[in-house]
Structures are given as C-alpha cells and as structure tokens.
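Note sheet for the following structure.
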There are 4 protein chains.
Amino acid sequence: MARVMRIGRVELRVLDLEKSVDYYTNVIGLEETGRMGNSVYLKAWDEYDHHSVILTKSNSAGLAHLAFKVESLDDLAYYERKIEEFGCTTTRISKGTRLGEGEAVHFILPTGHHCELYHEIDLLGTAVGNLNPHPWPLGKKGIAPHRFDHCLLTGDDLKTVTRFFIEALNFRQSERITTVDGEELLGSFLFTTNKAHDLAFVKGPDAKLHHAAFHVDSLHDVFKAADLLSMYEVPFDVTPTRHGITRGETIYFFDPSGNRNEAFAGGYIAYPDMPTITWTEDKIGQGIFYHRRELSESFMKALT
Amino acid sequence: MARVMRIGRVELRVLDLEKSVDYYTNVIGLEETGRMGNSVYLKAWDEYDHHSVILTKSNSAGLAHLAFKVESLDDLAYYERKIEEFGCTTTRISKGTRLGEGEAVHFILPTGHHCELYHEIDLLGTAVGNLNPHPWPLGKKGIAPHRFDHCLLTGDDLKTVTRFFIEALNFRQSERITTVDGEELLGSFLFTTNKAHDLAFVKGPDAKLHHAAFHVDSLHDVFKAADLLSMYEVPFDVTPTRHGITRGETIYFFDPSGNRNEAFAGGYIAYPDMPTITWTEDKIGQGIFYHRRELSESFMKALT
Amino acid sequence: MARVMRIGRVELRVLDLEKSVDYYTNVIGLEETGRMGNSVYLKAWDEYDHHSVILTKSNSAGLAHLAFKVESLDDLAYYERKIEEFGCTTTRISKGTRLGEGEAVHFILPTGHHCELYHEIDLLGTAVGNLNPHPWPLGKKGIAPHRFDHCLLTGDDLKTVTRFFIEALNFRQSERITTVDGEELLGSFLFTTNKAHDLAFVKGPDAKLHHAAFHVDSLHDVFKAADLLSMYEVPFDVTPTRHGITRGETIYFFDPSGNRNEAFAGGYIAYPDMPTITWTEDKIGQGIFYHRRELSESFMKALT
Amino acid sequence: MARVMRIGRVELRVLDLEKSVDYYTNVIGLEETGRMGNSVYLKAWDEYDHHSVILTKSNSAGLAHLAFKVESLDDLAYYERKIEEFGCTTTRISKGTRLGEGEAVHFILPTGHHCELYHEIDLLGTAVGNLNPHPWPLGKKGIAPHRFDHCLLTGDDLKTVTRFFIEALNFRQSERITTVDGEELLGSFLFTTNKAHDLAFVKGPDAKLHHAAFHVDSLHDVFKAADLLSMYEVPFDVTPTRHGITRGETIYFFDPSGNRNEAFAGGYIAYPDMPTITWTEDKIGQGIFYHRRELSESFMKALT
C-alpha cells in the first residue's frame with residue numbers, strides 16, 4: 001500500500017470564532033471556504049482541497065483533531081486494519097459530518113490526541129489554477145503560507161506513539177531527542193512525505209497541542225511574516241531563528257485563543273532510508289533554537 | 001509496494017576526466033568518493049549514499065545512465081517484474097560492477113535512455129553527521145548543492161515514456177506541455193517523491209540529455225552560483241530566472257564536456273493527488289522561462 | 001558648500017498619459033500626488049518630497065528633465081554660479097511652474113539633457129510616518145520601490161560631461177569604462193551621495209535616456225518585481241542578473257511609452273575617497289551583465 | 001566644507017590579544033594588516049584603507065577610541081576649529097603614532113569617549129581590486145562583512161553630545177528616543193553619510209561602548225552570520241531580528257573580551273533633509289527590537 005499521503009487538516013478549538021476567523025484570514029492569510037455549525041473552514045492559496053484548517057468554537061483552546069489523507073479508499077481500509085492490529089480502536093465517521101468531507105476513520109493516538117484518516121474531500125484547486133499558471137497569485141493577504149504543514153504535539157509515552165506511526169501508518173523517524181544515556185525518548189520527529197517532519201512529539205502532558213505550522217517559501221518570507229505580526233500586534237513566542245532539528249527557519253506566535261502557530265521555511269528533504277538523526281538532551285537547546293541554544297520558559301510551558 | 005524512493009545517481013560521459021573532476025569538485029562543489037576504471041565517483045555534502053554522480057571518460061559527452069533507488073530488495077524485484085510486464089527487457093547488473101554499489105536492474109527507456117533501479121549502495125553519511133548536527137558544514141566549496149536533483153531528457157514518444165513511468169514505476173505527472181489542441185505531448189514532468197519533478201522529458205531526439213540538475217537552498221544561492229560561474233568562466237546557457245513549470249529558480253550552464261547543468265531552488269511540493277498542470281504550446285516560453293517568456297536557440301538545441 | 005543632496009526628480013515624456021499613470025501606480029507602485037496641465041506627479045512610498053517622478057504627455061517618449069535637490073538656497077546660488085563658471089547657461093524657473101515646487105535653476109548638460117537644481121519642494125512624508133514608524137506600510141502595490149534612484153543617459157562627449165559634474169557639481173566618479181588603451185571614455189558613473197551611482201552616462205547619441213531606475217530592498221524584491229512584470233505582461237529588456245559595475249542586482253523593462261525602467265537593489269557604498277574603478281572595453285559585457293558577460297542588441301539600441 | 005566622510009576606525013581594548021585576533025579574523029573574517037606595540041590592525045575585505053579596526057591589549061575591555069575620516073587636510077583643520085569653538089579641547093596626534101596613519105586630531109566627546117578626526121591613512125585597496133573587479137572575492141572567511149559600520153555608545157547628556165555632532169561636525173539626527181512627554185532624550189542616532197546611522201548614543205554611563213557593528217549585504221547574510229556564531233560557539237546577545245529604528249536586520253554577540261558586536265544589514269538611505277524620526281519611550285521595545293517588542297536585560301546592561 002502507498003504511504004500515507006500527507007497531514008491534510010487540523011481542527012483547532014477557538015474561543016471567539018469571529019476574532020479567530022479575522023486572524024486566520026487577515027494575518028495568516030487563509031481563505032474561508034465554508035461554514036457549518038460552530039465551525040469555519042479554511043484553506044491556503046496553494047492547497048487543492050476544500051480545507052486544511054477548521055476553526056471550531058469551544059470553551060477551551062487546543063486541538064480538536066488532526067487528519068491524514070491517504071491515496072485511495074483501499075489505502076483507507078488498509079490503514080484502518082493496521083491501526084486496529086496495533087491495538088487502537090477505530091470508528092468510521094460518516095460523509096457529511098463535516099463540510100466537503102467524505103467518510104473518515106477515527107482513532108485516538110497513544111498520546112490521547114484525536115486523529116483521523118480520510119481519502120475523500122472536495123477539490124477546490126489552488127489560487128493560480130492548473131492551466132498555464134502564474135507562480136503566485138496577486139492580492140495575497142497576510143503571511144499567505146503555501147499550506148498547513150505540520151503539528152507538534154505533547155505526550156507522555158513517545159516510544160509507543162512513535163512505534164504506532166512507524167508500524168501502523170508506515171511513517172519514518174527523521175530525528176529524535178534522547179537523554180544523554182539514550183534511554184529515554186524526549187522528542188520524536190516523524191515523516192510520511194519527503195518533508196523533514198509531518199508530525200512531531202515532545203515529552204509533556206497527553207493530548208495537548210504545542211503548535212500548528214504553516215509553510216512559507218523562504219527566510220525572507222519568515223521575516224516578512226514576523227514584521228506583519230508586529231504590525232498586527234500578534235504576540236510572539238519565538239522571533240526569527242533557525243531550528244537545529246530539521247534546519248528550518250521559523251517564528252512562533254499565538255492565535256487569539258492562545259494556540260501556538262509557526263511560520264516555517266526550509267528544512268531538508270527526507271527520504272525513507274535516512275538514518276535517524278539523534279539530539280542528546282544536553283544539546284536540546286541548540287536542537288530546538290540553533291542560535292539561542294537554550295529553551296525558553298514560554299516555549300516549554302504554553303500548551304493548548 | 002512503496003513508491004520508487006528517488007533518482008539516486010547519474011552517470012555522465014565526459015571527454016577529459018581530470019578537467020571534469022576539477023569542475024565538479026571545485027565549481028559544483030561535490031566531493032570525490034572513489035575511482036574505478038575510467039570513472040570517478042562523487043557525492044554532494046548533504047547526501048548519505050556513496051555517490052550520486054559518476055563521471056566516465058568517453059569520446060562523446062552525454063548520459064551513460066541514470067538510476068533510481070528503491071526502498072528494499074523486495075521493491076527491486078517488484079519493479080523489475082512491472083518493467084518486464086510493460087514490455088521492457090531487464091537485466092541484472094552484478095554487485096561490484098561499480099564502486100560501492102550492489103546489484104542493479106538495468107533497462108532501456110522507451111526514449112532510448114539507459115536506466116537502472118537499485119537498492120544497495122554503501123552509506124557514507126552527510127558532511128554534518130547524525131549526532132547533534134550543524135545545519136551546514138564549514139569549508140564548503142563552489143556551488144555546494146545539497147544533492148543531485150533531477151534530469152531532463154529528450155525523446156520522441158513522450159506519451160509512451162510517461163505511461164511507462166506511471167504504470168511500471170508508479171510515478172505521477174505534475175505538469176505537461178501539449179499542443180494547443182491538446183493532441184500532442186511536448187513535455188512531461190514526472191515525480192515519485194514530493195518534489196515538483198524527479199525526471200522530465202521534452203520532445204526531441206531519443207537517448208539525449210538536456211540537463212542534470214543540482215539542488216540549492218534559495219534564490220540567494222542560485223545567484224551566488226551564478227556569480228561563481230562568472231568567476232570560474234564557466235559558460236552560461238541561462239542566467240538567473242524562474243521557471244513557470246515547477247516555479248523553481250534556476251540557472252543553466254555547461255560542464256567542460258558540454259553537458260548542461262542546472263542549479264535549481266524552490267519548486268512547490270507535489271502530492272500524488274495533484275491534478276496535472278497543463279501548459280499549452282503557445283505559452284511554452286513562459287512555462288520554461290517565466291520572465292523572458294520565450295525559448296532561446298541554445299536551450300532548445302544544445303543536447304549531449 | 002554641501003554636496004548636491006540627491007537626484008530628486010525625473011520628468012518623463014509619455015505617449016498615453018492614463019496608460020502611463022496606470023502602469024506607474026499599479027505595476028511600479030508609485031502614488032499619484034497631483035496633476036497639473038499635461039503632467040501627473042508621483043512619489044514612492046518611502047520618499048518624503050511631493051514627487052520624484054513627473055509624467056508629461058508628449059508625442060515622443062524620453063527625458064523631459066532631471067533635477068537634483070540641494071540642501072539650501074545658498075547651495076542653490078553657489079552651484080548656479082559654478083555652472084555658469086563652467087560655461088553653461090543657467091536660467092531660473094519660477095516657483096509654481098510645476099506643482100509643489102519652488103524656484104529651480106535650469107541648465108543644459110554638455111550631453112544635451114535638460115537638468116535642474118532645486119531646494120524647495122513640498123514635504124508630504126513617507127507612508128509610515130515619523131512617529132514610532134513601522135518598517136514598511138501595509139497595502140503596498142506592485143514593485144513598490146523605496147525611491148527613484150538614478151538615471152543612465154547617453155551622450156557623445158563623456159569626458160566633458162564627467163568634468164562638468166565633478167567640477168561644477170562636486171560629484172565623484174565611482175566607475176568608468178574605457179577603451180583598452182585607456183584613451184576613450186565609453187561610460188562614466190557619478191555619485192554625490194554614498195550610492196554607487198546617482199547618474200551615469202554611456203557613449204551614444206546626445207540628449208537620450210537609457211533608463212530611469214527605482215530602488216528595491218533586495219535580490220528577493222528584484223525577483224518579485226520580475227514576477228510581477230510577467231503577470232502584468234510588461235516587456236522585459238533584461239531579466240534578473242547582477243551588474244559588474246556597482247555590483248547591483250537588476251532587471252530592465254519598458255514603460256508603455258518605451259522608456260526603459262530598472263528595478264535595482266544592492267550596490268556598494270561609495271565614499272568620496274574611493275579610487276575610480278576602471279572597466280576596459282574588452283570586459284564591458286561582464287561589467288554591465290556580470291553573468292551573461294555580453295551586451296545585448298536591445299540594451300544597446302533602445303533609447304528614448 | 002565637506003561633510004565628515006565616514007566613521008573610519010574603532011580601537012577596541014581586548015584582554016587576550018591572540019584570542020581576539022583569532023576571533024576577528026576567523027569568525028568576523030577581517031584581514032590582519034599589521035602589528036605595532038600591543039596592537040593588531042585589521043580591515044574588512046571591501047575597505048580601501050589600511051585598517052578600520054585596531055585591537056589593543058589591555059586589562060579591561062571597551063572602546064579605546066573611534067575616529068572619523070575627513071576628505072582633506074583643509075577639512076581636518078576646519079573641523080578642528082569647530083570642535084574648539086564648541087568648547088572641546090583638541091590635540092594633534094603625530095603621524096606614525098599608529099601604523100599606517102597620518103596626523104590626527106584628538107578630542108573627548110561630551111560623553112567622555114575618546115574620538116579623533118583624520119585624513120591620512122595608507123591605501124591598501126579592496127580584495128577585488130579596481131580593474132574589472134569581481135563583485136566579491138573567493139576564499140572569504142567567517143561573517144566577512146563589507147566594512148566596519150557604526151558604533152553605539154552610552155552617555156549621560158545626550159542633548160549635548162547630539163548638539164556637538166550637529167554643530168561641530170555637521171552631522172544630522174535621523175532618529176531619536178524621547179520620554180513620552182518629549183522632555184528627555186534617551187537615544188540619538190546620527191549620520192554624516194547617507195546611512196541611517198554612523199554613530200548613536202543611548203542613555204547610560206559615560207564613556208562606555210554598547211557595540212561596534214559590521215555591515216553585511218542582506219538578511220540572508222545576517223542569518224549565515226548567526227549560524228556561524230553557533231558553529232564557533234560565540235555567545236549571542238540578540239538572535240536575528242529587525243530594528244524598528246533604522247529598519248535594519250541584525251544580530252548581536254560578544255567578542256572574547258565581552259565587547260558587543262553587531263552584524264547589520266539593510267537600513268534606509270538617509271538624506272540631510274529627512275525629518276528626524278521620533279520614538280517615544282513607551283514604544284522603545286519595538287524601536288530597538290521590532291519583533292520582540294521589549295528590551296532584554298542583557299542588551300541594557302552589558303557595556304564595556
């Protein structure tokens with residue numbers, strides 16, 4: 001069976017729906033593609049599918065669910081079986097439960113996060129079209145990322161959740177953070193595409209979101225994003241820097257509900273045969289923030 | 001079975017071996033990893049495998065062969081069978097025929113190019129290592145690309161070679177160039193990873209090489225590469241510009257034997273479910289050179 | 001007396017006024033600040049003065065005049081005297097002849113171009129203001145240069161016009177192009193600020209304009225400008241490259257009347273004590289286009 | 001008389017001379033051009049004069065002196081007189097007191113810093129020469145700035161030192177930080193070239209150095225510099241960000257003696273007629289660090 005195609009959507013719980021839509025459309029620069037119930041659906045200009053971000057009104061911030069798209073209904077059934085074999089319970093979510101979506105397979109990760117697999121979703125197309133397209137559209141707003149890129153989650157048992165993604169979902173591990181003696185796993189970076197990570201975990205409370213990341217083209221665009229955040233008075237967590245892990249250029253900041261966002265560029269290309277890169281705990285500062293070389297309190301503690 | 005993992009190596013025929021090694025190590029900035037017979041083996045600093053470029057002395061320039069790495073020996077056997085089923089003859093090349101390589105499956109593309117699949121190759125590792133690595137190594141030379149990235153080949157029957165890659169090797173087509181009426185296929189861009197192309201074909205004589213491309217990080221590095229070419233008096237074909245197709249930033253130039261090289265950055269992420277982008281022949285200039293919007297004589301005619 | 005402060009404005013003759021205004025406001029991204037007679041006045045977002053570009057309807061394209069701002073009325077009188085002493089006739093242009101302008105001193109360069117000095121002009125301020133300003137304004141359009149930057153003119157007697165700017169206006173020469181034997185002056189690059197050039201001349205017919213240039217921040221912005229030109233179908237003369245002379249990154253293109261524009265970034269800082277850099281005619285290609293290393297027909301011939 | 005041409009050199013007191021030379025040549029990437037007594041002389045690759053940085057062994061770190069180059073000996077005498085008229089005592093330093101230098105005029109700023117004016121200094125030329133030069137030299141090391149760019153000093157009476165530079169040395173003030181009521185001057189940014197600052201002062205103890213800055217080309221090069229600092233384990237003060245004041249892109253870090261260095265890119269072009277930009281104390285965080293929007297303890301306190 002084919003590898004899981006990509007992390008296709010994230011549903012975020014937000015406190016004030018309209019304020020959140022304003023932020024995700026004007027500051028992040030996503031496009032609203034629909035509304036249903038307490039949820040607003042959004043896509044980036046360079047994504048084909050109906051949505052990649054769902055904002056759902058709630059009384060607490062955080063991750064409602066994240067979902068991976070597979071290449072076919074056969075793959076959906078195949079991975080459903082593999083998840084069950086791993087020992088996780090799956091349930092089918094029926095078509096139409098959410099806007100533009102077909103049937104999905106729901107399960108709960110060993111770290112307590114709600115997760116889905118899906119194949120069917122409406123196709124809207126990118127902002128530049130598929131016939132003699134320009135490289136980017138006029139009239140972009142805000143940070144204007146190409147796509148929703150990845151999430152970082154926290155959990156207690158990183159070995160099991162890593163094993164889950166490798167065994168049940170055919171992911172690979174690009175990088176890991178361990179104690180100096182190599183005994184304990186403190187961070188795990190996983191990929192199913194050729195990106196340096198599609199999903200990552202760091203040691204922490206179960207079922208929590210550390211951040212949802214959006215992809216921009218270059219260091220220049222990370223900096224432009226940082227400028228925009230100051231113009232819009234969005235609170236920063238981390239100003240422009242490079243990650244040791246993935247090598248990407250990055251900024252972190254908070255949406256109006258306190259969910260951490262990242263604008264991310266760069267990162268190496270990951271192939272399934274790459275040996276996993278190891279960061280030891282004594283170098284974790286440099287691994288996370290290559291320049292500052294130490295973790296900040298806020299980066300460690302703020303979770304939703 | 002898993003998708004073919006990547007385009008892993010290219011063997012180029014060169015006229016003067018030492019002059020070519022000097023160029024590929026000092027101007028391109030690859031590292032020499034071994035010699036055997038009339039061949040010199042090279043890798044980029046960010047590649048793990050023993051080599052990605054082989055230079056072989058010959059009395060004519062051009063492509064000796066290119067090869068794709070698969071994830072396992074099972075995959076090798078699987079794709080070997082698929083190639084045979086498509087109607088291409090395969091032969092096994094024994095381990096040790098080339099330096100650092102295991103057994104490979106050889107076949108000839110419908111366009112006449114020699115091609116191989118392989119799984120086994122010695123692992124040398126990148127220049128930054130896998131334990132608490134820095135993002136890039138000190139002491140890089142020349143253009144210093146991350147990797148060999150893709151080839152563009154010419155051939156007469158692009159429909160068949162496209163069908164071969166899709167049916168036998170499970171590739172997808174990201175973009176295509178057609179006559180305005182859509183009848184004839186003039187260009188075909190194929191991927192097996194998430195890169196906008198891993199291999200491409202344009203209409204032309206069979207068995208010829210248009211260019212071999214190396215990946216650099218950013219527009220800034222494309223420009224630095226262009227500066228270096230002028231310092232080293234390397235002949236340019238195309239000075240810095242953007243492709244409409246793939247959106248990548250690019251320069252083209254010639255190695256001492258006349259083989260065209262490209263330094264390439266950017267390009268969108270391609271997923272298996274992306275609809276193929278179509279360029280019609282009347283917009284081919286913009287598709288190839290987004291700024292100049294017309295093809296040049298040299299870009300069309302110089303082949304090896 | 002203080003050095004001449006800067007090249008402050010250029011008046012371009014255009015064939016179709018409305019088409020030109022549309023181009024200079026939407027593609028270049030200047031702001032219209034007023035109209036008077038057959039002229040439209042424009043400024044860049046980062047300029048303080050009322051205008052830096054005047055478009056005047058005419059039946060031929062080209063340079064109507066260019067003008068340099070001096071620091072004070074004393075400087076105006078001082079340089080007026082120096083110009084007369086050099087042997088050029090000056091006349092005073094009265095306040096109100098053009099919108100927002102005070103009195104100016106008019107003279108004709110040894111190369112036949114109309115030129116002025118001035119001190120008084122209305123102050124509008126930049127788009128970001130002078131109290132706790134953001135680094136750039138939201139809502140920029142088009143290329144959005146910081147400023148009108150320099151002009152390149154053609155003329156026959158480059159030695160005399162160079163001597164004029166050095167002796168009468170206290171400019172310095174940053175770079176020059178000479179025949180290989182050093183006898184003839186083929187190009188002369190002059191500065192009064194710390195920019196690598198504020199005005200330049202190449203050998204050619206008298207009284208002609210080669211180009212008017214706008215300054216953007218970086219290579220990234222030169223490339224963005226190049227993309228925009230293709231989106232707006234503006235004809236290119238030269239796609240992105242570097243100059244040997246000044247080291248700047250550049251593109252050239254044509255306004256709707258055929259006046260050549262440049263978007264220019266970079267360039268070294270020039271101090272009055274820098275020795276003049278010499279380019280010999282055999283290296284002129286590399287001096288003008290550092291990558292291509294040869295001049296193009298269109299770059300040599302298209303003048304307005 | 002002409003404006004003062006530039007800030008031409010800085011003499012830094014360092015604790016361990018060899019360790020400092022190693023740092024300034026390999027990490028910063030300056031070239032050693034001579035030694036005399038307890039001092040080592042250095043220049044950047046793109047500077048013409050014999051040196052711009054002098055490292056002098058001392059038992060405390062800090063600024064020994066900084067010096068401005070004027071265009072002629074007449075200018076030297078003129079500004080000497082103006083300094084005396086302002087009420088500062090000047091003394092002549094004889095030719096040969098330092099390596100490669102002619103006679104200089106010494107005086108002490110109202111803030112207690114040792115300062116000099118000079119005209120004569122040996123000319124070494126840049127690393128690319130003045131005949132058909134390449135835009136940059138092969139074999140650059142470390143951060144490889146174009147030049148020593150500016151200093152930030154601390155002092156108590158910023159109004160007087162500002163008045164000194166404006167009245168005696170013909171500088172202008174590009175930006176200033178004031179209390180919200182506008183009564184007190186907390187920061188003063190001064191220029192004599194077209195750079196956004198050549199010298200700046202912030203409120204603090206007299207005679208102290210906040211930082212000495214080096215100019216690099218672009219945000220990309222600021223980031224490359226930041227990467228290098230982590231590779232060489234140089235302590236950071238401030239990781240990559242933008243200044244509100246000057247708009248420049250920046251990093252701050254410490255030399256082996258604790259003197260703060262900056263790698264700086266960008267910044268607007270300043271003309272003598274620009275209205276001074278005002279930052280009020282309540283926005284000082286954003287003025288200094290446009291992204292973080294607050295000052296750090298270390299940035300405020302670490303002085304040498």
Side-chain angles (χ1 to χ4, degrees), chain C residues 1-3 5-6 8 46-49 69-72 119 121 123 125-126 128-136 146-147 149 170 175 193-195 215 217-220 242-249 265-266 268-280 282-284 286-287 290, chain D residues 1-3 5-6 8 46-49 69-72 119 121 123 125-126 128-136 146-147 149 170 175 193-195 215 217-220 242-249 265-266 268-280 282-284 286-287 290:
Chain C
M1 285 299 141
R3 305 183 81 195
M5 194 158 54
R6 69 168 162 272
D46 204 18
E47 292 173 325
Y48 287 92
D49 287 343
K69 187 172 183 181
V70 295
E71 286 191 39
S72 66
H119 172 63
I121 185 167
L123 176 76
T126 73
V128 293
N130 272 48
L131 180 64
N132 303 319
H134 292 291
W136 46 270
H146 286 267
R147 61 176 183 271
D149 189 82
N170 201 19
E175 311 208 23
T193 64
N194 296 109
K195 292 157 47 192
H215 182 85
D217 258 348
S218 64
L219 171 62
H220 183 280
R242 182 193 293 285
H243 289 303
I245 295 167
T246 76
R247 300 182 191 158
E249 295 105 355
Y268 53 81
I269 196 162
Y271 290 112
D273 63 343
M274 73 170 278
T276 299
I277 292 166
T278 299
W279 293 83
T280 49
D282 54 324
K283 292 284 185 185
I284 195 171
Q286 190 150 341
Y290 184 65
Chain D
M1 284 300 141
R3 304 182 80 195
M5 193 158 54
R6 69 170 163 273
D46 204 17
E47 291 172 325
Y48 286 93
D49 288 343
K69 187 173 183 181
V70 295
E71 286 192 37
S72 66
H119 172 63
I121 184 168
L123 176 77
T126 72
V128 293
N130 272 49
L131 179 64
N132 303 318
H134 291 291
W136 45 272
H146 285 266
R147 62 175 183 271
D149 190 82
N170 202 18
E175 311 208 25
T193 65
N194 296 109
K195 291 155 48 191
H215 181 85
D217 258 348
S218 64
L219 171 61
H220 183 281
R242 183 192 292 285
H243 290 303
I245 296 167
T246 76
R247 300 180 191 158
E249 295 107 354
Y268 53 79
I269 196 162
Y271 290 113
D273 63 344
M274 73 171 277
T276 299
I277 293 166
T278 299
W279 292 83
T280 49
D282 55 322
K283 291 285 184 182
I284 195 172
Q286 191 149 340
Y290 184 65

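Keep in mind that this is a model prediction, so the values were computed, not measured.
To the nearest 0.5 angstrom, D:Tyr271 atom OH is 11.0 Å from C:Lys69 atom NZ. For the atom pair CG (C:Leu131) and CH2 (D:Trp279), the distance works out to 9.0 Å, reported to the nearest 0.5 Å.
Between chain C and the options D:Arg3, D:Arg242, D:His215, the largest number of non-hydrogen pairs under 4.5 Å is found for D:Arg242. Ranked by heavy-atom pairs under 4.5 Å with chain D, the list C:Gln286, C:His146, C:His134 is led by C:His134. Among D:Pro135, D:Ser218, D:Pro272, the residue making the largest number of heavy-atom pairs under 4.5 Å with chain C is D:Pro135. When each of C:His243, C:Arg6, C:Lys283 is scored by its heavy-atom pairs under 4.5 Å with chain D, the top score falls to C:Arg6. Put simply, of D:Gly125, D:Ala2, D:Pro133, the one with the most heavy-atom pairs under 4.5 Å next to chain C is D:Pro133.
At a cut-off of 3.5 Å, with distance as the only test, no side-chain donor of D:Asn130 or C:Thr278 sits close to an acceptor on the other residue.
Neither the backbone nor the side chain of C:His220 comes within contact range of chain D; no heavy atom of the residue lies under 4.5 Å from a heavy atom of that chain. For C:Asn170, no part lies near chain D; criterion is any non-hydrogen pair under 4.5 Å. In this structure, no portion of C:Asp217 lies under 4.5 Å from any heavy atom of chain D. Only the backbone of C:Thr276 comes within contact range of chain D, with heavy atoms under 4.5 Å apart. Contacts of C:Thr193 with chain D are made by both backbone and side-chain atoms, with heavy-atom separations under 4.5 Å. Only the side chain of C:Val128 comes within contact range of chain D, with heavy atoms under 4.5 Å apart.
For C:Asn132 (side chain) and D:Thr280 (main-chain N/O), a donor-acceptor pair under 3.5 Å exists by modelled atom type. The closest donor-acceptor contact from the side chain of C:Glu175 to the backbone of C:Thr246 lies under 3.5 Å. A distance-only check finds a donor-acceptor pair linking the side chain of D:Lys195 to the backbone of D:Asp149 [under 3.5 Å].
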| query | Which is it for D:Tyr48 and C:Asp273 under the side chain to side chain contact (heavy atoms under 4.5 Å, CB included) test, yes or no, and what are the steps along the way? | reply | CA-CA 9 Å; D:Tyr48 286 93; C:Asp273 63 343; over 6 Å; no
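With respect to D:Asp49 and D:Arg147, no salt bridge is recorded, no charged nitrogen being found less than 4.0 Å from a carboxylate O.
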